[in-house]
Amino acid sequence: MTACVLRQISIVACLAGLAASLVFFLATWHGTPTPQWMPALIAMLGGYELVQWAQGLWFRRVGR
């Protein structure tokens, strides 16, 4: 995959994570029941972004 495609995937994952977090916290604030999978989805998207960020730092450090 090219860097451009990975960047686009990262942007979509970031936006999806922010949207899912917003929906989850607003639903929790209003007392609406949320699906049990929603916190796991938010954690997976956050983990993906964290790995992409750390990998970018590592690749810049080793000069790739």
Show the atom names and distances, to 0.1 Å, of all donor-acceptor pairs under 3.5 Å that link a side chain in residues 35-44 to residues at least two apart or in another chain.
none

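- Other members of the cluster containing L50 are W53, L57, with ILVMFWY side chains joined at under 4.5 Å, either directly or via other members.
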Compile the donor-acceptor pairs under 3.5 Å between side chains in residues 3-28 and protein atoms, sequence neighbours left out, one pair per line.
from : atom 1 : to  : atom 2 : distance (Å)
S10  : OG     : E49 : OE1    : 3.0
S10  : OG     : E49 : OE2    : 3.2
S21  : OG     : G17 : O      : 2.8
T28  : OG1    : F24 : O      : 2.8

